[in-house]
Amino acid sequence: MEAPRLYSTKPAQSLKPSKKIPLEEDHGKASDALPLPLHLTNALFFTLFFSVVYFLLSRWREKIRTSTPLHVVTFSEIIAILSFLASFIYLLGFFGIDFVQSLVFQPSPDVWIAEDEEEDNEVLLAKEDARMVPCGQALDCSLPPLPPAAPIVTVQKVFDEKPGTVTTEEDEEIIKSVVAGTTPSYSLESKLGDCKRAAAIRREALQRLTGKSLSGLPLDGFDYESILGQCCEMPVGYVQIPVGIAGPLLVNGREYSVPMATTEGCLVASTNRGCKAIHLSGGATSVLLKDGMTRAPCVRFGTAKRAADLKLYLEDPDNFETLSVVFNRSSRFGRLQGIKCAIAGKNLYIRFTCSTGDAMGMNMVSKGVQNVLDFLQTDFPDMDVIGISGNFCSDKKPAAVNWIEGRGKSVVCEAIIKGDVVRKVLKTSVESLVELNMLKNLTGSAMAGALGGFNAHASNIVTAIYIATGQDPAQNVESSHCITMMEAVNEGKDLHISVTMPSIEVGTVGGGTQLASQSACLNLLGVKGASKETPGANSRMLATIVAGAVLAGELSLMSALAAGQLVKSHMKYNRSSKDVSKASS
C-alpha cells in the first residue's frame, strides 16, 4: 500500500516546472527593449526623481524667503519639472501596477517565495515528493484523477484546549516560508488580509523556530482586526488578566464600580475595604485642578544668545495668539494653553501645554508642536530641531517638572472618615494612622529621596485601573505621583485624608480604549468614548475616579499597616491554603 504523504496533497502534476510556456507565447520581455539593464534603468530614474524633487523644494523655499511669485520659473526649473513628471510616470508605471494588483487580487502561494529561489525550491520539492510516493505517481502517469486536497491535521502544539489544530495545505506552505525566512513575519496581515489567520501562522512558525510550546497562551476569542495598525504588531495571542471590582466608590455624590486588572492578591479586596469606609463616612470629594498634556522639543542654535532670543519670543504674551493659531490648526480639540522654556547652553527646551479633549493627547500635542516648529523656521532659519521630544515633557519617566507643574490631569481628592468607621471597619485608630502617615509617607519617603512618591502604593491602583480601561500602563510612572496627607479633625475624633496627584494621564478615546474588554470597563464607569455635551468631560471624570480609588487604596493599606494586619491579609488572599499552613507551622 502506498505510504501516506505528510504535508502536500496537491496533484502530482503541480510538480511540473511552472516556468515553461508554449513556444507561441515565448516573446521577449518588455524590459528587453530598454537600452540599459533593468536595474540600472530603475536606479537612474530613482536618482533623477529624488534629485529633481530636492532641487524643486529648495527653489520653492528660496522663492518664499525672497517673496518671488511661485509661477515665475526659470529654464532650469522647467527642465526639472519635466524630469520630475517623466521619472514619476516611469516609477508609477513600474511599481504602481504591481502594488494595486496586490491590493485587489488575492496572492497565490507562489508569491510567498522569492523569484530568485523559486526554481531551487521546486527542485527540492520534486525530490521530496519523489521519496514519499512511487515514481509513477510522481510523474503523474496514472489515469484516474487524484482525490481533492484535504485539510492536514498536525500534532497539537499551541491552540487552546482543542485536541488538534487543522491547517490547510496553503497555510503549511506559508508557515514553512516564514520559518525559512523567505516571508517576513510582519507582512502576514497585509499579504493574507486575515488578521486571525496571520496570527495563527506566525504563532506556529514561532513554535517551530524556537522549539517552545505556546499552549498556555490563548489565540481564539480575540478580535485581531481591532489592534491592526493601532495597538500591537505581530500578535501571536493574548494574555489573560483577571479583572476585579472595587466599590461602590462614592465620589462627588456618585457611585462607581471600579474595574481593576491585576494579578496581585489582596489588592482589590483592600481597595474595596477603603471604598466601604469612604462610603460609610459620606463619600469623597474630588477636584480637577488642571488639564493639559505637554510635549517639549529640543532645538539647538549656534550661540546661546540665539537660543535666548527664541525663548524671549516664545514667552512674550504678544506672540501667544499667533502661536496658538499655528498650533491649533491640526486638531479640533487641541488648544494651546502655554509655553515654558528652559536653556542649557546653546540648547533650548520648549514645553508646550495644550488641552486634548477626551484623548490622552500625546499625538495631538505632537502634531501641534510640529506646526509651530515649521512656523519658527521662517524667522529662525538657524534653528536645528534635535528632537520633537527632549525629555522636558516628561513622558514615562519620574521628573520634578511633572511633580511641580503637572501633566495631564492634576487632581486632589479628600474625605473625612468617621472615628467609628476607623475603629470598626479599618480596625485601627485615628492617632495611629496620622503618626504612621507622617513617619512612612512623608519622613520615610524624604529619607529615600523619593520624587513624587510620598504615598503608600498609589501605583498599584493606578496601574490596575489603567490596564482595565485601556490606558498606557507605562504612564503609571508619572501618573502615580501622589502625596498622601492625614490629619485628625473634629477634636481628634475623625480622620481627614487626602491625595494630591498632579499628573494623571488618561483618555477615553484612542489607543487601547477602543478594544472590547477595555471599552466595557469604561462603559461600567460611565465614561466610554468622547463626551458629546462637553469635550474632555469623560477623561476628566475618569481622572477623578482614579484619584478616588487611590484614596481608598491608601486608606486601607495604611490601616492594615497601623493595625499590623498586612502580613496576615496577604497570607490569606495572596497565598494558597497550603502555604498558609506551612507558614503557621
Side-chain angles (χ1 to χ4, degrees), residues 186 189 225-235 290-299 323-340 349-377 385-397 399 401-402 405-410 462 465-467 469-479 503-515 518-519 522 527-532 534-543 546:
Y186 62 81
E189 281 80 4
E225 304 285 345
S226 64
I227 65 174
L228 180 63
Q230 181 163 326
C231 295
C232 182
E233 299 77 36
M234 296 189 287
K290 190 188 300 184
D291 180 9
M293 181 50 64
T294 64
R295 175 59 86 197
C298 172
V299 299
L323 296 173
S324 296
V325 172
V326 175
F327 185 97
N328 299 340
R329 68 188 181 192
S330 60
S331 173
R332 292 183 298 154
F333 303 105
R335 294 295 177 264
L336 184 63
Q337 296 176 344
I339 302 175
K340 174 168 287 191
Y349 298 84
I350 314 167
R351 195 172 193 257
F352 294 82
T353 305
C354 83
S355 60
T356 57
D358 282 305
M360 185 271 290
M362 286 300 301
N363 292 333
M364 193 181 301
V365 66
S366 295
K367 289 190 291 185
V369 168
Q370 189 62 57
N371 292 340
V372 175
L373 292 178
D374 294 340
F375 172 78
L376 293 175
Q377 289 282 1
V385 179
I386 303 301
I388 197 169
S389 176
N391 273 9
F392 190 48
C393 312
S394 173
D395 186 42
K396 302 173 184 177
K397 293 166 283 292
V401 67
N402 293 336
E405 298 291 336
R407 188 172 194 254
K409 277 73 173 170
S410 299
V462 170
I465 298 177
Y466 272 29
I467 295 175
T469 58
Q471 311 304 314
D472 188 341
Q475 289 185 321
N476 83 88
V477 176
E478 60 268 39
S479 297
S503 52
I504 300 178
E505 299 168 354
V506 292
T508 57
V509 296
T513 64
Q514 52 87 35
L515 299 178
Q518 290 80 343
S519 179
L522 289 172
V527 295
K528 177 182 176 181
S531 173
K532 297 180 180 179
T534 306
N538 282 353
S539 62
R540 290 193 287 267
M541 183 180 295
L542 179 57
V546 171

Determine the minimum heavy-atom distance between [X] and [Y], stating which atoms define it.
X: Arg295; Y: Ser389; answer: NH1-OG, 3.1 Å
X: Ile467; Y: Pro473; answer: CG1-CG, 4.2 Å
X: Gly511; Y: Gln230; answer: O-NE2, 3.1 Å
X: Asn538; Y: Ala530; answer: ND2-C, 3.6 Å
X: Ile339; Y: Leu336; answer: CD1-CD2, 4.1 Å
X: Leu522; Y: Gln471; answer: CD2-NE2, 4.4 Å

Exercise for review: Kindly compute the distance separating NZ (Lys532) from OG1 (Thr534), expressed to the nearest 0.5 Å.
Suggested key: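 One finds 13.5 Å between NZ of Lys532 and OG1 of Thr534.
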Practice item. Find the distance between NZ (Lys367) and CZ (Phe327) and round it off to the nearest 0.5 Å. Key: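 It is 10.5 Å, given to the nearest 0.5 Å.
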With sequence neighbours left out, what residues match [X] under salt bridge (Lys or Arg N to Asp or Glu O under 4.0 Å)?
X: Arg407; value: Asp395, Glu478, Glu505
X: Arg351; value: none
X: Asp472; value: Lys396
X: Lys340; value: Glu405

Exercise for review: Would you please name every residue forming a side-chain contact (heavy atoms from CB on, under 4.5 Å) with Pro297, sequence neighbours left out?
Suggested key: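 Residues passing side-chain contact (heavy atoms from CB on, under 4.5 Å) with Pro297: Ile350, Phe352, Val369, Leu373.
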Does the side chain of [X] reach to within under 4.5 Å of the side chain of [Y], using non-hydrogen atoms?
X: Pro235; Y: Glu189; result: yes
X: Val506; Y: Tyr466; result: yes
X: Thr356; Y: Met360; result: no
X: Lys290; Y: Gln337; result: no
X: Asp291; Y: Lys409; result: yes
X: Ser519; Y: Gln514; result: no

Using a 3.5 Å distance criterion without hydrogens, assess whether the side chain of [X] forms a donor-acceptor pair with backbone atoms of [Y].
X: Asp358; Y: Thr508; answer: no
X: Ser539; Y: Gly357; answer: yes
X: Thr294; Y: Cys393; answer: yes

Review point. Do any pairs count as a side chain to side chain donor-acceptor pair (under 3.5 Å) and have a residue in residues 324-334, sequence neighbours left out, and if so which ones?
Key: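 Qualifying pairs: Ser330-Asn371.
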Check your understanding: Between Leu542 and Ile504, is a side-chain contact (heavy atoms from CB on, under 4.5 Å) present by the stated rule, with each step listed?
Key -> CA-CA 10 Å; Leu542 179 57; Ile504 300 178; over 6 Å; no
